[in-house]
Amino acid sequence: MAGGLKEGFVRLMQYLQDPQHVARFQQLCGVRGTDTRDKLSNGVPGTRHGDVQNGGGDATRRRPAEAETDREKRNNSLANGAAGENMRARDGDDAQGSAVKPLRRNSLTGDVGQEFIIENKFLFYLFTLGTELGNELFYISFFPFFMWNVDAYVSRRLVVVWVWVMYLGQCTKDVIRWPRPASPPVVKVEMFYNSEYSMPSTHAMSGTAIPLCLFLLTYGRWEYPLLLGLSLAISWCVLVCLSRIYMGMHSILDIIAGFLYSLLIVVVFSPALEIIDTFNCTHRYAPLIIISLHVGLGLFSFTLDTWSTSRGDTAQILGSGAGIALASHVNYHLGLLPDPPASMLPLQPPSFTLGLIGLCLLRFLLGVLILLATRAVMKALTIPLVCWLFGIPSGDVRKARQHMEVELPYRYIVYGTVGLNALFLVPFLFAQVGLL
């Protein structure tokens, strides 16, 4: 009985991990590859998930590209030999849709990937929006906007959850080390994260934790309809999760695991948010412990595997979290962005007037300019300095950043400063000029 259940569970996991399901979902949404190997993949004997082919999972980290197996050589030879016969059909396909390159080249390999055809532009833009909800541009926009215009109390605690979810997710990837879905049959609509491991999906984790915690932290504190909050949280989560399958970055199993893992982390850490936030704000040794803890976590994560984009992402997340936690401590002692007393709860959403909208946009634009300037200045200063300290050539920045000695302090210092300025310096300047 137990053996049968185990075999059934293994079969289910293999079924959910099958890249053919990802490819079918992409085809259903109007995504088709122009590479002839996409057309041949289903007919090539022995093709399985995890094989290293053009644009496939994580070739640069699993084995060198030149270490090609005999079977792969035969498959590639077959695909190249069939290219001439399929060129005319492919040209006809291109006329029916828009042939485009993958979103953003891979920052590790520089690979831009194969072209593909988009037959449903609405879904392409919708899922591009969904996947951006888990990228740096969103984080550097959403969290500051919420801090400056809505509720600093909620944003501080939301960042704590985000840091733990993303850190644990990235570390788990480097322990499990599953590759991205094989391509073909999957079309790589996005290439930027293709060099990372796949299980679990950290986009699905953040896309679950952020809207869920945003709802849990604001409902009862702010007055708004329960159904509205739940609908927005669920829609946000579903959009992000489906976007990762659409982009060809994750299997169905990766998404489900990321969703459930995120729920587990939220359940475990939610009761501790009050303790963590109070400690960050009030404890006399909080700054020292915050810096030590985040640096220690970063050093540990860098020992799990070789360099990849996930190494930098982990340090960036930890640095941002440390900076915001330090700013919480400074703000508390300066009386900046004080939390409203319990007697004022629940808070009433303000009326949306042109004046309020203009003020919020002005804060946002000025604040983002300060953060972008902070990042640019700190980046220009940090990388050469760290390279000089460790004797690493700084001529090729990409190669230099593949060294842990460069990437960890660079990301940590730059984004730690960005986080500190987001919650302390920008509100402080706003208060001085009457914008707060």
Side-chain angles (χ1 to χ4, degrees), residues 17 19-35 37-38 49-50 52-61 97-141 166 169-170 173 178-207 236-255 258 308-313 316 398:
Q17 196 183 9
Q20 292 292 348
H21 300 315
V22 178
R24 292 190 190 101
F25 180 78
Q26 290 182 311
Q27 293 168 5
L28 182 66
C29 295
V31 178
R32 292 190 295 110
T34 59
D35 196 312
R37 277 171 290 190
D38 290 344
H49 174 57
V52 180
Q53 300 180 44
N54 183 49
D58 190 16
T60 60
R61 300 175 67 191
S98 300
V100 294
K101 283 286 187 182
L103 300 174
R104 302 190 298 172
R105 70 173 61 204
N106 186 285
S107 63
L108 172 62
T109 65
D111 187 11
V112 295
Q114 68 183 73
E115 286 189 347
F116 54 88
I117 294 175
I118 297 297
E119 296 177 339
N120 190 320
K121 291 185 178 180
F122 171 77
L123 290 179
F124 173 74
Y125 291 121
L126 177 66
F127 287 128
T128 298
L129 170 64
T131 205
E132 287 299 326
L133 292 178
N135 290 340
E136 177 188 353
L137 180 61
F138 169 73
Y139 295 134
I140 205 172
S141 303
M166 294 299 292
Q170 294 286 11
K173 279 185 177 183
W178 283 6
R180 297 283 184 181
S183 173
V186 172
V187 177
K188 298 294 182 178
V189 181
E190 179 182 272
M191 288 294 295
F192 187 74
Y193 296 105
N194 196 49
S195 60
E196 294 183 16
Y197 294 122
S198 183
M199 167 64 80
S201 167
T202 47
H203 270 76
M205 293 180 68
S206 66
W236 183 337
C237 177
V238 170
L239 179 60
V240 174
C241 290
L242 290 180
S243 74
R244 302 312 288 163
I245 300 177
Y246 179 91
M247 294 294 168
M249 288 289 98
H250 288 286
S251 67
I252 297 174
L253 182 59
D254 297 337
I255 299 298
S308 76
T309 52
S310 66
R311 304 276 68 68
D313 290 343
Q316 180 174 314
R398 176 183 292 176

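Since the structure is predicted, the reported quantities are computational estimates derived from the model, not experimental observations.
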Minimum heavy-atom separation for [X] and [Y], please, with both atom names.
X    : Y    : answer
P181 : K188 : O-NZ, 2.8 Å
G169 : P200 : O-CD, 3.9 Å
W178 : M199 : CZ3-CE, 3.4 Å
G130 : S243 : C-OG, 3.5 Å

Would you say [X] and [Y] make side-chain contact, with heavy atoms under 4.5 Å?
X    : Y    : answer
I118 : V31  : yes
Y246 : L242 : no
V189 : Q26  : yes
S198 : K173 : no
N135 : H203 : yes
Y139 : Q316 : no
I255 : S201 : yes

Say you draw a straight line from [atom1] of [X] to [atom2] of [Y]; how long is it, rounded to the nearest 0.5 Å?
X    : Y    : atom1 : atom2 : answer
R244 : R180 : CZ    : CZ    : 6.5 Å
T202 : H250 : OG1   : NE2   : 5.5 Å
M205 : Q170 : CE    : CD    : 9.0 Å
I245 : L28  : CD1   : CG    : 11.5 Å
T128 : Y125 : OG1   : OH    : 8.0 Å

- prompt: Once the angle between the rings of W236 and F138 is folded into 0 to 90°, is it parallel (under 30°), tilted (30 to 60°) or perpendicular (over 60°)?
  reply: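 Plane angle over 60°, so perpendicular.
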
T131 side-chain N/O to F127 backbone N/O, donor-acceptor pair under 3.5 Å: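 Side chain of T131 to backbone of F127: no pair is present.
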
